Amino acid sequence: MRLSLRGRIYLWNEYGFGRMGMLGFWKKKKDGWERGGGKVYCIVGLGNPEKKYENTRHNIGFDVIDRIAEKYSIAVRERGFKALFGKGIIEGQRVILVKPQTYMNLSGESVREVIDYYKIDAGEELIVISDDISLEVGGIRIRKKGSAGGHNGLKNIIQHLGTDRFQRIRMGVGEKPKEWDLVDYVLGHFPKEERESVDESIGRAAEAVGIMVSEGADKAMNAFNAKKKAKKKTEDRDGSTEGASAGTGGV
């Protein structure tokens, strides 16, 4: 039996052959992965998207995501949710690696979209990785909650989620010298003498993520928080000095 024009158009759209139909078909295929049983961890590295910001102190969150992606063979190439992202498996757990492309101060817009779409429990399944000038270079600090502490990326995520109860890994980039402007400092590159220590901390952060998703944040905190001592001002219980950022533009 020959289908009418209306019937052909219906099949075209319903089964994924039209532009909108293709989008719907793609989303239906993804649903089996994202909404199946078990947890889906969202691991977000904070940074700025332009090439000129690569390997700067403020982009160390992106660097950790790249290391995780390399370690677990996850391609972070898909575009969506105002981010670059990739899906894969870490230590038997489903994960989404995310690099927001909104610039630092609007990171929450991207994180909110990912959380909503994949129905992620922010308190249990979200891990945010950011730079921290309150920690010495090479130090890492894992927390299960805490304030933004002046870090504009964390501040925007907290605003969009309406909670500060999400796991984070704070990456030490060292305290700003007194004569430096804060924006210039966090957007600056690490000197050669610090690069080895920074690379080691990135490797430890990638290892910590594997423990966090498979054995829990407490296990990772016990394993990594003692390895590099934080400065006294980071030792408050609510994390109120846990990071720093500045400005309202692209930082």
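Quick caveat, the model's predicted, so the values are computed rather than measured.
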Return the orientation label for the Tyr103 and Tyr53 ring planes: parallel under 30°, perpendicular over 60°, tilted otherwise.
perpendicular
Return yes if some donor-acceptor pair links the side-chain N/O of Arg168 with the main-chain N/O of Gly146 below 3.5 Å, else return no.
yes
Residue pair Ile90, Tyr41: steps toward the side chain to side chain contact (heavy atoms under 4.5 Å, CB included) verdict:
CA-CA 9 Å; Ile90 293 180; Tyr41 287 90; over 6 Å; no
Donor-acceptor under 3.5 Å (Asn222 side chain, Asp218 main chain):
yes
Sorted by chain and number, sequence neighbours left out, side-chain hydrogen bond (donor to acceptor under 3.5 Å, both in side chains) with Arg165 holds for none
Applying side-chain hydrogen bond (donor to acceptor under 3.5 Å, both in side chains), name anything that partners Arg67, two or more places apart in sequence or on another chain.
none
Test side chain to side chain contact (heavy atoms under 4.5 Å, CB included) applied to Phe81 and Val111, Val114, Ile96, Val98, the passing residue
Val114
With side chain to side chain contact (heavy atoms under 4.5 Å, CB included) as the test, pick out the partner of Val198 among Ile60, Val173, Asp63.
Ile60
Glu125 (side chain) donor-acceptor with Asp121 (main chain) under 3.5 angstrom:
yes
Counting only N and O atoms by type, is there a donor-acceptor contact under 3.5 Å from the side chain of Asn225 to the main-chain atoms of Ile142?
yes
Heavy-atom side-chain proximity of His58 to His151 below 4.5 angstrom:
yes
Within one Ile-Leu-Val-Met-Phe-Trp-Tyr cluster: Val44 and Leu106, side-chain cutoff 4.5 Å:
no
Shared hydrophobic cluster for Leu97 and Phe62 (ILVMFWY, side-chain gaps under 4.5 Å)
no
Using only atom types and a distance under 3.5 Å, with no angle test, would you say the side chain of Asn48 pairs donor to acceptor with the backbone of Glu50?
no
When you measure from the side chain of Ser107 to the backbone of Met104, do you find a donor-acceptor pair of N or O atoms at a distance under 3.5 Å?
yes
With a 4.0 Å cut-off on N to O distance, would you call Glu207 and Arg204 a salt bridge?
no
Under 3.5 Å, is there a donor-acceptor pair between the Asn55 and His189 side chains?
no
Any side-chain heavy atom of Met171 sitting closer than 4.5 Å to one from Leu135?
no
Under the side chain to side chain contact (heavy atoms under 4.5 Å, CB included) rule, what do Ile89 and Arg94 come out as? Steps first, then yes or no, please.
CA-CA 5 Å; Ile89 303 294; Arg94 295 181 299 169; 3.7 Å; yes
Heavy-atom side-chain proximity of Lys71 to Ile68 below 4.5 angstrom:
no
Heavy-atom side-chain proximity of Met221 to Arg143 below 4.5 angstrom:
yes
Do you know which of Leu154, Ile169, Val64 makes side chain to side chain contact (heavy atoms under 4.5 Å, CB included) with Ser130?
Leu154
Quick check: does any side chain N or O of Ser201 sit under 3.5 Å from a backbone N or O of Gly139, one acting as donor and the other as acceptor?
no
Can you check whether Val95 reaches Val209 side chain to side chain, under 4.5 Å on heavy atoms?
no
Across all chains, not counting sequence neighbours, the ring pair (Phe, Tyr, Trp, His ring centres under 6.0 Å) partners of Tyr185 are Trp180
Centroid separation under 6.0 Å, is that true for the rings of Tyr117 and Phe85?
no
Expected output: side-chain Asn156 to main-chain Asn105 donor-acceptor under 3.5 Å
yes
